[in-house]
Amino acid sequence: MSRKLFQSLAALVLAATLLPGSGAAQQAQGAVTPNYKDADIRQVIEAVGAVTGRNFILDPRVKAQVTMLSSTPMSPDAFYEAFLSILSVYGFVAVPSGNLVKILPDANARQVPGAETGPGGGRLADDLVTRIIPVRNVAAAQLVPILRPLIPQYGHLAAHPPSNILIISDRAANVERMVRIIERIDQESSSDYEVIRLENASAAEVVRVITTLGQGAKTEGAPSTSTTLVADERTNSVLVSGDKNERLRLRTLVAHLDTPLQEGGDTRVRYLRYADAKDLATKLQSQYQKQAGPAAAGQNAPPTEKGEITIWADESTNALIITAPPKVMKAMMAVIDKIDIRRMQVLVESLIVEVSADRASELGVNWAVGDADLDNAIGVTRFDSPVAGSGGVIGLAGAIKADDPALTAAALGKGLNLGVGRLSDSGLSFAALINALASDGSTNIVGTPVLVTMDNEEAEIKVGQEVPFVTGQYTNTGATGGSTSVNPFQTIQREQVGLTLKLTPQINEGDAVLLKIEQELSALAANVRGASDLVTTNRTITTSVIVEDGGTLVLGGLIQDDLTETQQRVPVLGSIPLIGQLFRVDSTTKKKTNLMVFIKPTILRDDAQAAFETNAKYNYVRDQQLAQNPDKVRLMPGETRPLLAPVAPAGPPTLDLRRLRTDGGSDADSTAAPAGADTHGTASTPGNQ
């Protein structure tokens, strides 16, 4: 009888003899479907022996109630493998010994021989095996504490240091898992060292930065590495040792830190666009030289490693040449970026308005009494007034007697002159000169000085003339060759007379402008009676004001009303009512002055706004030229007046010399202005500029 037939019959006999409810091992077409519930393990062993044909020896301690449920048929080999799993679950182990299989508690498993001592097939997952595993790259003794938690209590793990091997005794499935773990650990070490030569950065600084970064990672719970970095300052190199992957990561980081600056090295040339290089170099040197600490390296280290900072200006290119450590260089570049900007400009228009009116009236009588022809005057009245003229009554009488028109005109005063009297060759002569004068004068002055300056920059404009003033005179008289010579000499000093405007604008946050203003307006005054030389008037304003952008503010002024009444008379006679008018001179002067100064700032924030304001002024002047009929020049046919060219359309500024109307030039108006060009200014009066 064959073995398979015997196994089938044994299974049928076993299935028929099992008690209902204790378990069953059903067989269909050579497959077994075992089902056990609280069955004695000995009964299960008997069924396994009947199905598989194996002989078992049971340890007296092998006792347990087992349960196994199966819904699908399984082969005898699979049934035996399931049986080994049952033994493992309940703490027993099957140990082959020749044709017998010993079933023992797993606590004694390490004392019994395993199924095999090397890799190979034919063993089941729950078979007890013993493996000797050689370790090539790692010390075997170091692996024992690492792998010990993975070995069950009945298993065995030991190391043999002289031969660097591991001995493992456990079930086959767990041994295979341990072998795979050991293979992954037992890798050839990739630890080595590299020398990284730096070209731009400092080796000591790079090592400090990377070490600080590694310490920060450790504090955050990151895994530590066995990588070591050392700086060789003599060759400016970084030595790196450790795992290959870690060395690759550090080499990438070092290469990034060794990137040169934008201008190269620790020295940069910074070209300035708006700031003054010489002034800025002094300020930066004063500011950052204080931050240069003591030498961080040896005496032979470069200046930037010692903390030295040098800044000098090249005035021809308006550039800064800076040598500084990278950290200071970065901070300095940020400061320069904030300072070297295009500042806004301010257009300041100062409006000076003066309206004055002068009125004067004079009436007086001068008398002269004397002998024939008034040669010897007995009584004469003379008042300090133009009523008397330059020669008075006596001079007028002499001029009339001499029949000299020039002397007569010089003796007459201003206004109406009426002479009354009697001039005879003998006896008493008398004469009276009556003078009446009335004058009216008015002044209307509007001046608009315009000045453009940058924010926080002082600007000044002067419009006037040099007026000579006599400061001294003398005459040298001497004899030369028997004759007398006269050498008169005068010293003259010239003084500026006109308008002076000096201001400093400061643009505040928003649209307000703080203005520091000094304005002076001087002019020649009319002849003042009794003055020995020219007389000037002076109006000065010094103040600080805040004005909104485009607003107008009054700086100050003067509203003055003067009345002067003068009476010169003969004592007693001049006070007699009615008759007293013949013996006195009355003079009345009334002067009313209105002077106001206004200021109007306009912030020019960009070039477009500056161009707009410039075009407005330009077109205003051109309109004034057009109003003079530039097509004709009196008494010179064929000639034209000079005329400004029309404002060019939007775009880069250009100058077309052919459009400037000069002698022999072309007519600027003969060519139509480009479409959209504004050829007429928006302002029509100086006060609106």
Side-chain angles (χ1 to χ4, degrees), residues 78 81-82 84-85 87-89 91 93-96 106-107 109-196 210-211 213-230 239-255:
E81 187 173 355
L84 295 179
S85 298
L87 296 179
S88 175
V89 170
V93 61
V95 180
D106 55 13
R110 67 181 66 184
Q111 282 86 20
V112 297
E116 56 187 15
T117 58
R123 65 181 184 278
L124 301 178
D126 289 318
D127 284 342
L128 186 66
V129 297
T130 300
R131 289 282 301 273
I132 298 176
I133 304 174
V135 182
R136 295 179 176 81
N137 302 295
V138 183
Q142 296 179 355
L143 297 179
V144 172
I146 298 175
L147 302 177
R148 174 66 69 184
L150 303 179
I151 300 297
Q153 186 177 3
Y154 61 85
H156 178 71
L157 174 65
H160 185 252
S163 58
N164 201 37
I165 60 174
L166 286 175
I167 301 174
I168 302 177
S169 178
D170 197 359
R171 298 185 185 275
N174 194 40
V175 170
E176 292 298 328
R177 181 171 71 101
M178 298 296 294
V179 170
R180 291 193 298 270
I181 293 175
I182 294 172
E183 289 177 351
R184 298 191 61 180
I185 296 176
D186 188 25
Q187 297 291 332
E188 184 178 358
S189 176
S190 60
S191 297
D192 202 348
Y193 69 89
E194 294 184 18
V195 178
I196 305 175
I210 298 179
T211 303
L213 179 64
Q215 292 175 352
K218 292 179 181 179
T219 56
E220 296 176 1
S224 60
T225 61
S226 59
T227 307
T228 304
L229 287 88
V230 178
L239 282 70
V240 184
S241 66
D243 181 72
K244 181 178 180 180
N245 294 331
E246 187 66 16
R247 284 189 284 110
L248 179 61
R249 184 183 70 85
L250 292 178
R251 186 167 62 248
T252 304
L253 182 58
V254 170

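Residues meeting the side-chain hydrogen bond (donor to acceptor under 3.5 Å, both in side chains) test with Thr252, sequence neighbours left out: none. Among residues two or more places apart in sequence or in another chain, the side-chain contact (heavy atoms from CB on, under 4.5 Å) test is passed with Ile181 by Leu147, Leu150, Arg177, Ile185. Considering only residues two or more places apart in sequence or on other chains, Glu183 meets the side-chain hydrogen bond (donor to acceptor under 3.5 Å, both in side chains) condition with none of them. Partners of Ala158 according to the side-chain contact (heavy atoms from CB on, under 4.5 Å) rule, which considers only residues two or more places apart in sequence or in another chain, are His156. With sequence neighbours excluded, the residues satisfying side-chain contact (heavy atoms from CB on, under 4.5 Å) with Arg148 are Val144, Leu157.
The CG atom of Leu253 lies 9.5 Å from the CD1 atom of Ile196; values are rounded to the nearest 0.5 Å. In this structure, the separation between CG on Leu248 and CD on Glu194 is 8.0 Å, given to the nearest 0.5 Å.
Counting heavy atoms from C-beta on, the side chains of Ile151 and Met178 come closer than 4.5 Å. A 4.5 Å side-chain heavy-atom check between Ile182 and Ile168 finds at least one atom pair inside the cut-off.
For the pair Asn164 (side chain) and Val138 (backbone), a donor-acceptor distance under 3.5 Å is present.
Among the candidates Ile165, Val135, Leu166, the single residue satisfying the side-chain contact (heavy atoms from CB on, under 4.5 Å) test with His160 is Ile165.
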